[in-house]
Amino acid sequence: MLKFGIVLGAIFLVSCSHQLKVVENNQTLVTIENFPKKDTTIMVKDYFIKYRKEGGYIIGNVESPFADGQGSFKTTNSVTIDIAGGKLSIY
């Protein structure tokens, strides 16, 4: 019974892992899997991406002074930010 509980717990932890990916033309530029509780900002190409973990959520925003689009996200799942062609998509 104890083995079953350990395996079930490990599966739960893996299934709840968050991931943030920045892609361009179907190529992954950055993958983030560890999220601090304080705001962290990275720059990818011309985009400033600020993110943090708050409870069970990943919260963040993306902006660029040189390209079209800015946006924010709040999710319990993974986030993909697509910057192809100077246009911003978050899903």
Side-chain angles (χ1 to χ4, degrees):
M1 185 69 168
L2 181 59
K3 288 181 185 179
F4 178 73
I6 292 171
V7 171
L8 186 61
I11 291 171
F12 179 73
L13 287 174
V14 169
S15 68
C16 291
S17 64
H18 296 107
Q19 191 176 69
L20 185 145
K21 283 187 179 183
V22 180
V23 298
E24 182 178 37
N25 299 324
N26 295 321
Q27 181 180 26
T28 301
L29 303 176
V30 176
T31 301
I32 299 168
E33 296 178 339
N34 296 313
F35 298 91
K37 292 186 179 187
K38 294 183 179 181
D39 284 341
T40 300
T41 302
I42 61 169
M43 184 174 179
V44 179
K45 301 245 176 168
D46 290 331
Y47 291 89
F48 293 97
I49 302 168
K50 183 172 26 172
Y51 62 90
R52 73 175 186 275
K53 185 171 184 178
E54 187 174 294
Y57 294 97
I58 299 172
I59 298 173
N61 61 7
V62 183
E63 57 184 72
S64 173
F66 306 111
D68 289 340
Q70 61 180 5
S72 61
F73 54 88
K74 180 178 181 179
T75 183
T76 58
N77 296 312
S78 294
V79 174
T80 300
I81 301 169
D82 189 350
I83 59 173
K87 303 286 184 185
L88 173 67
S89 302
I90 301 173
Y91 55 95

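Hydrogens, waters and symmetry mates play no part in the numbers below; they use all other heavy atoms, side chains included.
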Quiz item: Heavy-atom distance under 4.5 Å between the side chains of E24 and K45, does that happen here?
Solution: yes

Quiz item: With a 4.5 Å heavy-atom cut-off, do H18 and K53 have their side chains touching?
Solution: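 Yes - at least one pair of side-chain heavy atoms lies under 4.5 Å apart.
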
Quiz item: Any Lys/Arg nitrogen of E54 or K37 sitting under 4.0 Å from an Asp/Glu carboxylate oxygen of the other?
Solution: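 K37 and E54: not salt-bridged.
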
Quiz item: Under a single-linkage rule joining Ile, Leu, Val, Met, Phe, Trp and Tyr whose side-chain heavy atoms are separated by less than 4.5 Å, which residues share a cluster with F73?
Solution: L20, V22, L29, V30, I32, F35, I42, V44, Y47, I49, Y51, I58, V62, V79, I81, I83, L88, I90

Self-check item: Euclidean distance, T41 OG1 relative to K50 NZ, rounded to 0.5 Å
Solution: 5.5 Å

Quiz item: Which value, rounded to the nearest 0.5 Å, describes the distance between I59 atom CD1 and R52 atom CZ?
Solution: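 CZ of R52 is found 4.5 Å from CD1 of I59.
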
Practice problem: Any chance you could lay out the side chain to side chain contact (heavy atoms under 4.5 Å, CB included) test for T75 and Y57, step after step, and finish with the verdict? | Solution: CA-CA 5 Å; T75 183; Y57 294 97; 5.8 Å; no

Quiz item: So, N25 side chain and Q27 main chain: donor-acceptor pair closer than 3.5 Å or not?
Solution: no

Practice problem: Count the heavy atoms of every other residue, nucleotide or ligand shown that sit under 6.0 Å from CD of Q70, and state whether that count exceeds 12. | Solution: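 Open.
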
Quiz item: What pair of heavy atoms forms the shortest contact from S78 to S17, and how long is it?
Solution: OG-O, 4.3 Å

